[in-house]
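Here is the structure we will look at, set down as structure tokens.
Below, chains carry the letters A, B, ... as their sequence lines are ordered, and counting in each starts from 1.
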Amino acid sequence: MHGVIRVDGQGTQMAGVAKLQRRPQATVRNPIARDIAPALLGWYDRERRQMPWRAELGERADPYRVWLSEIMLQQTTVKTVTPYFEAFVARWPDVRSLADTELEEVLAAWAGLGYYSRARNLHACAKAIVAEHGGRFPKNEAKLLELPGIGPYTAAAIASIAFGERVTPVDGNVERVVSRLFAVREPLPLSKPALRSLAATLTPMTRTGDFAQAMMDLGATVCTPKSPSCLMCPLNSDCTARKLGIEARLPARTPKGERPARFGIAFIALREDGAVLLRKRPENGLLGGMLEVPSTDWLDMLPSATDAMRIAPAKGDWWKVPSTVRHVFSHFELELVVYRAVVPFDAPLTFWADQPRCRWVPRRDLDSQALPSVMKKVIAHGLREM
DNA sequence: AATACGTGGTA
DNA sequence: TTACCAAGTAT
């Protein structure tokens with residue numbers, strides 16, 4: 001037995017894949033795998049989209065730019081990432097400059113991109129590369145994997161794209177392309193190991209970085225989630241799902257649980273000169289290290305107005321701003337009631353509001369702060385008609 | 001293994 | 001409006 005994958009579109013492929021998982025070193029004779037890379041690379045050479053982090057064809061990509069872009073692109077679209085990437089490389093042209101910057105500055109530049117642990121790990125990673133690697137990126141997947149914020153996908157992506165190592169980054173695009181190519185019906189995330197193995201069988205001996213990017217481009221532009229453009233696809237004659245007419249239903253996913261609702265009260269404390277009271281959140285966890293408007297905890301019930309007044313950061317004439325702010329996080333929905341008050345310069349703050357993690361920020365400086373989108377919403381809501 | 005962790009776009 | 005989705009990682 002040599003770990004041959006059966007790909008017949010009749011539902012027996014999973015047996016072969018399971019064997020391959022246990023013996024990833026086994027030789028794979030896959031009747032269609034051989035043809036995939038050349039067809040895909042030919043398509044990539046014609047259709048390849050330029051992006052600010054990509055090198056010109058035939059040139060070597062800058063590892064710093066590849067790394068930065070890959071971290072930003074985790075769970076985030078190219079369209080959203082592009083302006084952030086441009087701003088980052090303009091401000092921090094290399095790892096050392098990023099490592100020499102205060103975390104909060106990096107968080108402020110990251111504000112709005114989401115998943116802020118990425119920014120904290122980005123900063124930690126830059127420091128580690130300077131301190132432990134002389135300011136140069138490790139050149140292989142295994143060493144990259146040891147760095148903060150770099151997981152299996154990103155390690156393989158950097159190793160292949162920036163250093164030409166023959167490894168196989170598998171992201172959501174690759175999972176979708178491969179699940180259709182081989183008609184893998186097993187739902188995600190259960191099928192992840194199988195899809196990884198299958199993807200690895202497709203990776204060519206040369207141009208592995210181009211191949212990786214081609215797979216992702218294909219998933220992003222042709223082999224799309226809802227209505228894939230099979231007529232435009234360079235792999236359409238090899239695609240088992242298409243032969244079976246089930247491409248639009250793959251990959252299958254186990255349904256996600258529902259998002260609970262949480263509620264809270266946020267306080268816009270306005271000093272007489274217009275400065276707003278902000279508070280730094282704990283370094284880890286949700287929106288870790290970011291700034292916020294002081295607020296109650298976010299729980300399953302809305303605190304009473306009486307409780308809210310007891311918690312307010314200062315005594316004052318708190319006015320309940322009409323309507324509420326709703327925001328959707330990945331794992332819960334938040335509804336915030338906003339109270340506003342003008343606080344005199346000499347007004348005493350409550351104990352918790354008088355801590356170092358709280359600070360008054362002038363209105364004009366709000367844009368440059370490390371405020372997550374939800375807090376920008378809250379502030380805009382609280383300051384409307386002012 | 002399952003859950004925590006953001007945001008904006010699209011149907 | 002609801003629901004799903006997008007170049008995942010850490011614990």
Using a cut-off of 4.0 Å on non-hydrogen atoms, how would the nucleic acid contact of [X] be classed: base, sugar-phosphate, or nothing?
X        : answer
A:Arg120 : nothing
A:Pro169 : nothing
A:Arg54  : base
A:Gly112 : sugar-phosphate
A:Met375 : nothing

If the condition is side chain to side chain donor-acceptor pair (under 3.5 Å), which residues does A:His381 pass it with, not counting sequence neighbours?
none
Residues of residues 61-86 of chain A with any non-hydrogen atom less than 4.0 angstrom from an atom of DNA chain B: list those, numerically ordered, please.
A:Gln75, A:Thr76
Of all nucleotides in DNA chain B with an atom under 4.0 Å from a non-hydrogen atom of chain A, which is the first and which the last going 5' to 3'?
B:dA4 to B:dA11
Side-chain donor/acceptor pairs under 3.5 Å, residues 315-324 of chain A, sequence neighbours excluded:
{"from": "A:Trp318", "atom 1": "NE1", "to": "A:Ala314", "atom 2": "O", "distance (Å)": "2.9"}
{"from": "A:Thr324", "atom 1": "OG1", "to": "A:Glu335", "atom 2": "OE2", "distance (Å)": "2.9"}

Pick the closest DNA chain C nucleotide for A:Arg253 and for A:Pro148 by heavy atoms, then say which residue is nearer the 5' end.
A:Arg253
Both A:Asn121 and A:Trp53 contact DNA chain C. Which one's nearest nucleotide lies toward the 5' end?
A:Trp53
Tell me which donor-acceptor pairs under 3.5 Å the side chains of residues 255-268 of chain A have, and how far apart each pair is, sequence neighbours excluded?
{"from": "A:Arg259", "atom 1": "NH1", "to": "A:Phe329", "atom 2": "O", "distance (Å)": "3.2"}
{"from": "A:Arg259", "atom 1": "NH1", "to": "A:Ser330", "atom 2": "O", "distance (Å)": "3.0"}

Gap in Å between the two P atoms, one belonging to C:dT9 and one to B:dG8, rounded:
22 Å
A:Ser373 meets the side-chain contact (heavy atoms from CB on, under 4.5 Å) criterion, sequence neighbours left out, with A:His327
Side chain to side chain donor-acceptor pair (under 3.5 Å) contacts touching residues 74-87 of chain A (sequence neighbours left out)
A:Gln74-A:Thr154, A:Thr76-A:Arg118, A:Thr77-A:Thr80
Output every pair passing salt bridge (Lys or Arg N to Asp or Glu O under 4.0 Å) with a member in residues 125-149 of chain A, not counting sequence neighbours, ordered by first then second residue.
A:Lys143-A:Glu146
If you look only at pairs with a residue in residues 52-63 of chain A, which of them pass as a salt bridge (Lys or Arg N to Asp or Glu O under 4.0 Å), with sequence neighbours excluded?
A:Arg54-A:Asp217
d(CZ, A:Arg259; P, C:dA3) in whole Å
9 Å
Spacing of A:Ile150 atom CD1 relative to C:dT11 atom C1', expressed in whole Å
18 Å
Is it the case that A:Thr203 and A:Thr208 place a side-chain donor and acceptor less than 3.5 Å from each other?
no
For A:Tyr115 and for A:Lys226, locate the closest nucleotide of DNA chain B by heavy-atom distance; then report the residue assigned to the nucleotide nearer the 5' terminus.
A:Tyr115
Charged N to carboxylate O under 4.0 angstrom, A:Glu104 versus A:Lys280?
yes
